[in-house]
Amino acid sequence: MLIIPTLMLSLVEFNPDGSLRPEYVEYARQIGISESALAQLEWRKKMEVDDYNEMSAAHVEQGINFGEWLMEGRIGNSRTYVQRRQQMEQDLRNFEPEDSLPFDKDTSY
């Protein structure tokens with residue numbers, strides 16, 4: 001089983017509809033990625049796009065811009081990251097149980 005690095009997938013591979021770009025398919029074949037793996041990647045991305053579109057349509061009915069709503073959540077999380085990290089460090093100094101921490105203490109961030 002060939003594992004494709006996530007970073008590589010985030011660069012250029014998909015069209016807005018979720019289909020693989022022809023230049024990526026050509027590159028993937030050159031480096032030995034099988035047709036079935038490419039088909040699976042495309043299928044998963046198309047499902048992701050379809051799910052996003054369905055959620056977006058449901059939110060539009062409520063007057064909510066789904067993409068903007070998602071981004072606001074992500075921006076909010078990134079703004080509070082430093083505070084959550086500092087709180088975790090304080091919790092570790094206070095001998096709080098590890099399973100109550102917001103991050104894995106062994107992961108370097």
Side-chain angles (χ1 to χ4, degrees):
M1 176 174 165
L2 179 64
I3 298 184
I4 302 166
T6 306
L7 177 60
M8 190 171 68
L9 289 177
S10 64
L11 297 176
V12 221
E13 294 67 26
F14 299 100
N15 292 313
D17 68 350
S19 62
L20 286 167
R21 293 183 184 221
E23 57 273 11
Y24 176 73
V25 172
E26 183 181 324
Y27 166 74
R29 287 181 184 145
Q30 290 173 358
I31 64 170
I33 297 175
S34 70
E35 290 293 325
S36 62
L38 291 172
Q40 185 179 34
L41 282 174
E42 187 171 67
W43 177 79
R44 286 183 180 186
K45 188 59 154 182
K46 284 184 176 185
M47 293 298 293
E48 184 181 319
V49 168
D50 290 345
D51 289 345
Y52 179 90
N53 289 338
E54 285 178 26
M55 290 298 295
S56 184
H59 281 74
V60 164
E61 292 173 4
Q62 300 171 23
I64 300 170
N65 180 325
F66 184 62
E68 182 180 345
W69 179 76
L70 282 177
M71 287 307 297
E72 286 173 359
R74 290 179 181 166
I75 289 169
N77 287 342
S78 69
R79 287 185 179 152
T80 61
Y81 173 80
V82 173
Q83 292 84 4
R84 290 181 289 135
R85 179 72 186 173
Q86 289 170 344
Q87 183 62 50
M88 185 187 84
E89 291 167 359
Q90 181 63 48
D91 291 344
L92 285 170
R93 288 191 295 272
N94 292 336
F95 304 103
E96 295 288 333
E98 287 184 25
D99 60 350
S100 71
L101 300 175
F103 304 112
D104 179 5
K105 73 176 187 73
D106 297 322
T107 303
S108 61
Y109 290 94

Same cluster or not: are [X] and [Y] linked, directly or through other Ile, Leu, Val, Met, Phe, Trp or Tyr residues, by side-chain heavy atoms under 4.5 angstrom apart?
X	Y	result
Trp69	Val60	no
Val49	Tyr52	no
Trp43	Phe14	no
Met88	Phe95	no
Ile64	Met55	yes

Hey, does the side chain of [X] reach the backbone of [Y] with a donor-acceptor pair shorter than 3.5 angstrom?
X	Y	value
Thr80	Gln83	no
Glu13	Tyr24	no
Asn94	Glu96	no

Pair Arg84-Gln87, side-chain donor/acceptor within less than 3.5 Å: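 There is no such pair (donor and acceptor under 3.5 Å, judged by atom type) between the side chains of Arg84 and Gln87.
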
task: Please indicate whether Arg44 has more than 12 foreign heavy atoms, meaning atoms of other residues, nucleotides or ligands, lying under 6.0 Å from its CZ.
output: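 Open.
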
query: How long is the span from the CG atom in Asp91 to the CD atom in Glu98, to the nearest 0.5 Å?
result: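 Nearest 0.5 Å value for the CG-CD distance: 11.5 Å.
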
message: Working to the nearest 0.5 angstrom, can you tell me the gap between Ser19 OG and Leu41 CG?
response: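 It comes to 12.5 Å.
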
- request: State whether Glu48 and Lys45 are salt-bridged, where the test is any N-O pair (Lys NZ or Arg NE/NH1/NH2 against Asp/Glu carboxylate O) under 4.0 Å.
  value: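 A salt bridge is present here (some side-chain N lies under 4.0 Å from a carboxylate O).
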
message: Side chains of Gln90 and Arg93, heavy atoms from C-beta outward: is any pair under 4.5 Å?
response: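 Gln90 vs Arg93: side chains touch.
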
query: Looking only at heavy atoms, what is the nearest atom pair of Asp17 and Lys46, with distance?
result: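 Minimum heavy-atom separation between Asp17 and Lys46: O-CG, 3.7 Å.
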
query: Shortest non-hydrogen contact from Leu20 to Glu42?
result: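 Looking at all heavy atoms of both residues, the shortest contact is N-OE2, 2.8 Å.
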
